[in-house]
Amino acid sequence: MPHSLRLYKREKLCSRTDINNLFARGRSVIAYPVRCVYVVKSEAEGDAQFLITIPKKKIRKAVSRVLLRRRIREAYRLNRDLLPQVEGRVQMAFVWLSEETAPYSEIETKVKEILTRIATASQPKQK
């Protein structure tokens, strides 16, 4: 059954303890200008959860930060089926690294690259 294209509240990473745990113990993948910190929680079940952060130090104007946040969210929403169907829940944080905005096409290719790299890294090793 195809996954709905809608983004649900349960897919947003909101828990402060989960966010702190993610940045403390997570693994990092970089596809410049986007960095993704992720962790696979084997004890939890459910949809993948994500958050997006655009540092004010990098992008000064709020309008530009909101634009980038929307573009990253849309790229994730359309390509989230690239994530693996693993036992557990994948939690991830997308962090913007550049000091300039980027067109949607570039952001989408970088998010796709990140999601495929997470999928290959979290596959169980075969003997």
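To the nearest 0.5 angstrom, Leu22 atom CG is 10.5 Å from Ser15 atom OG. If you take CZ on Arg69 and OG on Ser64, they are separated by 11.0 Å, rounding to the nearest 0.5 Å. Atom NZ of Lys112 is separated from atom CG of Leu78 by 9.0 Å, given to the nearest 0.5 angstrom. Put simply, CD on Glu11 and CG on Asp47 are 5.0 Å apart, with the number rounded to the nearest 0.5 Å. Rounding to the nearest 0.5 Å places OG of Ser105 at 9.0 Å from CZ of Arg71.
Residues Leu68 and Ile30 are members of separate hydrophobic clusters, defined by side-chain heavy-atom contacts under 4.5 angstrom among Ile, Leu, Val, Met, Phe, Trp and Tyr. Under the 4.5 Å side-chain heavy-atom criterion for ILVMFWY residues, a single connected hydrophobic cluster contains both Ile107 and Leu7. Taking hydrophobic clusters as Ile, Leu, Val, Met, Phe, Trp and Tyr residues chained together by side-chain heavy-atom distances below 4.5 Å, Ile118 shares a cluster with Ile52. A single hydrophobic cluster is seen to contain both Val37 and Val39, as judged by linkage of ILVMFWY side chains at heavy-atom distances under 4.5 Å, directly or through other members. Both Leu83 and Tyr38 belong to a common hydrophobic cluster when Ile, Leu, Val, Met, Phe, Trp and Tyr are linked at side-chain heavy-atom distances under 4.5 angstrom.
Using a 4.5 Å heavy-atom cutoff, the side chains of Ile59 and Leu67 are not in contact. Residues Lys110 and Tyr32 are not in side-chain contact: their nearest non-hydrogen atoms beyond the backbone lie 4.5 Å or more apart. A heavy-atom distance below 4.5 Å is found between the side chains of Asp18 and Lys41. The shortest distance between side-chain heavy atoms of Lys9 and Cys14 falls below 4.5 Å. Considering only heavy atoms from C-beta on, Glu99 comes within 4.5 Å of Lys58 through its side chain. Side-chain contact between Leu82 and Val111 is absent, with no heavy-atom pair separated by less than 4.5 Å.
Annotation for Met92 and Phe94: closest pair SD-CZ, 3.8 Å, computed over non-hydrogen atoms. Taking every heavy atom of both residues into account, Tyr104 and Ala75 meet most closely at OH-CA, 3.7 Å. Annotation for Arg89 and Ala48: closest pair CG-CA, 4.4 Å, computed over non-hydrogen atoms. When all heavy atoms are compared, the tightest approach of Arg6 to Arg80 is O-NH2, 2.8 Å. Nearest heavy atom pair, residue Arg10 against residue Gln49, reads O-NE2, 3.3 Å.
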Residue pair Thr109, Glu113: steps toward the side chain to side chain contact (heavy atoms under 4.5 Å, CB included) verdict: CA-CA 6 Å; Thr109 57; Glu113 180 182 329; over 6 Å; no
task: Decide yes or no on side chain to side chain contact (heavy atoms under 4.5 Å, CB included) for Trp96 and Val34, but give the supporting numbers first.
output: CA-CA 5 Å; Trp96 188 255; Val34 181; 3.8 Å; yes
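A distance-only check finds no donor-acceptor pair linking the side chain of Glu106 to the backbone of Pro103 [under 3.5 Å].
Under a cut-off of 6.0 angstrom, the local environment of CZ in Arg77 is crowded, with over 12 non-hydrogen atoms contributed by other residues, nucleotides or ligands.
A tilted orientation is assigned to the rings of Tyr76 and Phe50, their planes being inclined by 30° to 60°.
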